[in-house]
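From a predicted model like this one, the values you see are computed outputs, not experimental measurements.
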Amino acid sequence: MRPPIDQGTVLITGASEGLGRELARLLSRRVRTLVLVDRDVARLKPLREELLSLYPTLGVLLEQCDVCESRQVDALVASLESKFVRVDVLVNTAALGRRGLYAEARWGGLEELLRANVWVPALLTHRLLAPMLERGRGGVMNIGSGAAQLFLPGSTMFAATQRFLDGFTESLRLEVEGRGVVITRVAPGPLGDAGAEDAAEVPFFQISLERCARAALAAFERGEALVYPGWGHRWVMRLLPLLPRAVKRSLGRLALRGVRREALAAPEALPVGLASRVLLAREPTPA
């Protein structure tokens with residue numbers, strides 16, 4: 001079973017940067033309509049201009065919506081219905097990360113992360129899944145992170161949200177099994193710009209955003225439940241479940257030492273968005 005991509009309508013959150021943008025570029029040559037959603041549509045306009053310059057007949061709708069607000073999501077769905085736009089595939093890529101010790105973080109920032117990483121994919125999927133099931137065709141791709149397999153002090157809430165996305169996607173997939181809707185979770189490792197894999201200072205399993213997007217889309221079309229893009233990252237993720245929890249805790253303690261060293265070196269830098277080595281669906285942070 002394949003998701004209805006060709007000549008279909010695909011809605012993407014977080015398309016202004018990172019994997020969302022790369023997936024929009026890949027899909028633009030095949031779909032009839034792209035619906036790109038952001039709370040600030042100005043961030044999406046350069047991408048629309050780029051895509052239309054390549055594919056003038058492509059439909060590109062820019063929709064302003066704070067997807068953390070249920071009323072705005074309902075208004076978005078109503079707006080699409082009024083335009084006779086039927087979403088065939090939902091791609092959830094919008095996500096946030098915070099680096100720092102949990103007890104020292106502002107609750108406002110943690111709540112924002114929780115809403116973006118848990119509330120948003122759950123809400124959008126709830127609003128768009130039922131019509132897909134009624135039609136007997138559709139697809140949902142949730143972009144998460146390999147952090148679901150790890151204990152990550154310094155990124156405690158982020159790791160917890162990735163566990164949610166894992167359980168949510170796998171359980172929902174079973175609920176809709178055999179009903180024509182493909183549901184896939186993509187769990188990347190460290191990402192960088194094209195060519196960054198050859199740099200000496202990056203992890204050996206880092207891949208580019210473009211390669212990650214291609215691997216994610218290929219697995220989605222094969223109907224796979226879970227994909228770890230990149231051979232190195234895939235083998236690491238396969239190994240992790242075999243490790244005793246005591247070993248994972250030891251690895252977590254090593255990570256915690258690094259977080260504390262960062263806090264001592266630059267305490268003002270802790271409660272900010274994660275760099276691309278931890279927040280995996282976002283744009284790489286310049287060195």
Side-chain angles (χ1 to χ4, degrees), residues 1-39 41 43-44 47-48 51 58-63 65 67-68 73 76-77 80 85-96 116-129 131-132 137-145 161-162 165-166 168-169 172-173 176 180-188 191 209-229 279-283:
M1 183 173 61
R2 294 164 63 91
I5 291 174
D6 292 307
Q7 294 305 305
T9 296
V10 178
L11 186 151
I12 306 177
T13 64
S16 62
E17 59 183 359
L19 273 182
R21 182 170 59 190
E22 292 302 322
L23 285 166
R25 287 168 171 162
L26 289 177
L27 290 165
S28 62
R29 67 195 65 174
R30 298 175 53 186
V31 304
R32 180 179 64 252
T33 306
L34 281 176
V35 181
L36 309 180
V37 180
D38 199 287
R39 68 178 64 182
V41 293
R43 289 159 46 88
L44 297 168
L47 178 61
R48 180 177 63 178
L51 298 180
L58 174 69
V60 183
L61 297 180
L62 304 186
E63 293 286 342
C65 177
V67 287
C68 289
V73 171
L76 168 65
V77 173
L80 295 177
V85 175
R86 180 182 63 189
V87 176
D88 298 301
V89 172
L90 168 64
V91 181
N92 285 310
T93 73
L96 291 177
N117 296 5
V118 173
W119 174 277
V120 169
L123 176 61
L124 283 173
T125 302
H126 184 264
R127 293 297 190 266
L128 298 176
L129 179 61
M132 295 180 190
R137 61 196 300 269
V140 178
M141 185 196 301
N142 289 326
I143 307 296
S145 162
T161 62
Q162 296 312 301
L165 195 64
D166 181 26
F168 172 72
T169 306
L172 189 61
R173 181 182 171 90
V176 305
V181 177
V182 177
I183 299 185
T184 296
R185 182 172 74 93
V186 182
L191 301 178
L209 286 163
E210 182 181 0
R211 283 183 57 197
C212 181
R214 290 184 181 278
L217 186 58
F220 184 47
E221 291 203 85
R222 291 193 298 268
E224 295 184 11
L226 172 64
V227 56
Y228 295 116
L279 180 55
L280 304 170
R282 286 291 192 181
E283 186 81 2

Task: Minimum side-chain heavy-atom gap Val73-Cys65 below 4.5 Å - done: yes

Open item on the list: Using the rule given for side-chain contact (heavy atoms from CB on, under 4.5 Å), can you reason through Arg173 versus Val140, listing the C-alpha separation, both sets of side-chain angles and the distance that settles it, and then say yes or no?
Closed with: CA-CA 9 Å; Arg173 181 182 171 90; Val140 178; over 6 Å; no

Task: Set of residues satisfying salt bridge (charged side-chain N to carboxylate O under 4.0 Å, His left out) with respect to Glu221, sequence neighbours excluded - done: Arg2, Arg30

TODO: Starting at CZ of Arg86, measure out to CZ of Arg137 and round the result to the nearest 0.5 Å.
DONE: 6.0 Å

Task: Leu26 side chain reached by Glu210 side chain, heavy atoms, under 4.5 Å - done: no

Open item on the list: For the CD atom of Glu63 and the CG atom of Leu36, what is their distance to the nearest 0.5 Å?
Closed with: 9.5 Å

- [ ] List the steps, then state whether side-chain contact (heavy atoms from CB on, under 4.5 Å) holds for Leu76 with Arg127.
- [x] CA-CA 10 Å; Leu76 168 65; Arg127 293 297 190 266; over 6 Å; no

Open item on the list: Among Thr169, Asp166, Asn92, exactly one meets side chain to side chain donor-acceptor pair (under 3.5 Å) together with Arg185. Which residue is that?
Closed with: Asp166

Open item on the list: Show the nearest heavy-atom pair for residues Glu224 and Thr184, with the distance to one decimal.
Closed with: O-OG1, 2.5 Å

TODO: Please determine which of Ile143, Leu226, Leu217, Leu165 meets the side-chain contact (heavy atoms from CB on, under 4.5 Å) test together with Val186.
DONE: Ile143

Open item on the list: Under the rule for salt bridge (charged side-chain N to carboxylate O under 4.0 Å, His left out), what residues qualify as partners of Arg25, not counting sequence neighbours?
Closed with: Glu22, Glu50

Open item on the list: Measuring from atom CG of Leu61 to atom CG of Leu44, what distance do you get when rounded to the nearest 0.5 angstrom?
Closed with: 11.5 Å

Open item on the list: Within this structure, what is the CG-CG distance for the pair Leu128 and Asp88, rounded to the nearest 0.5 Å?
Closed with: 10.5 Å

Open item on the list: Going by side-chain contact (heavy atoms from CB on, under 4.5 Å), Met141 matches just one of Leu23, Val89, Val227, Ile183. Which one?
Closed with: Leu23

Task: Student check: side-chain heavy atoms of Val67 and Leu123 closer than 4.5 Å - done: no

Task: Straight-line distance of Leu129 CG to Leu124 CG, nearest 0.5 Å - done: 11.5 Å

Open item on the list: Looking at every non-hydrogen atom in both residues, tell me the closest pair between Pro121 and Asn142 and how far apart they are.
Closed with: CB-OD1, 4.3 Å

TODO: Run through Leu47, Leu51, Val60 and flag the one making a side-chain contact (heavy atoms from CB on, under 4.5 Å) with Ser28.
DONE: Leu51

Open item on the list: If we ignore hydrogens and angles and just use 3.5 Å, is the side chain of Thr13 paired with the main-chain N or O of Val37 as donor and acceptor?
Closed with: no

Open item on the list: To the closest 0.5 Å, what do you measure between OG1 (Thr9) and CG (Leu80)?
Closed with: 9.0 Å

Open item on the list: Restricting to non-hydrogen atoms, name the atom on Pro229 and the atom on Pro188 that form the minimum distance, rounded to 0.1 Å.
Closed with: CD-CA, 3.8 Å

TODO: Please confirm whether the backbone N or O of Ala187 pairs with a side-chain atom of Ser145, one donor and one acceptor, at under 3.5 Å?
DONE: no

Task: Atom of Val182, atom of Gly223 and distance for their closest heavy-atom approach - done: CG1-CA, 3.8 Å

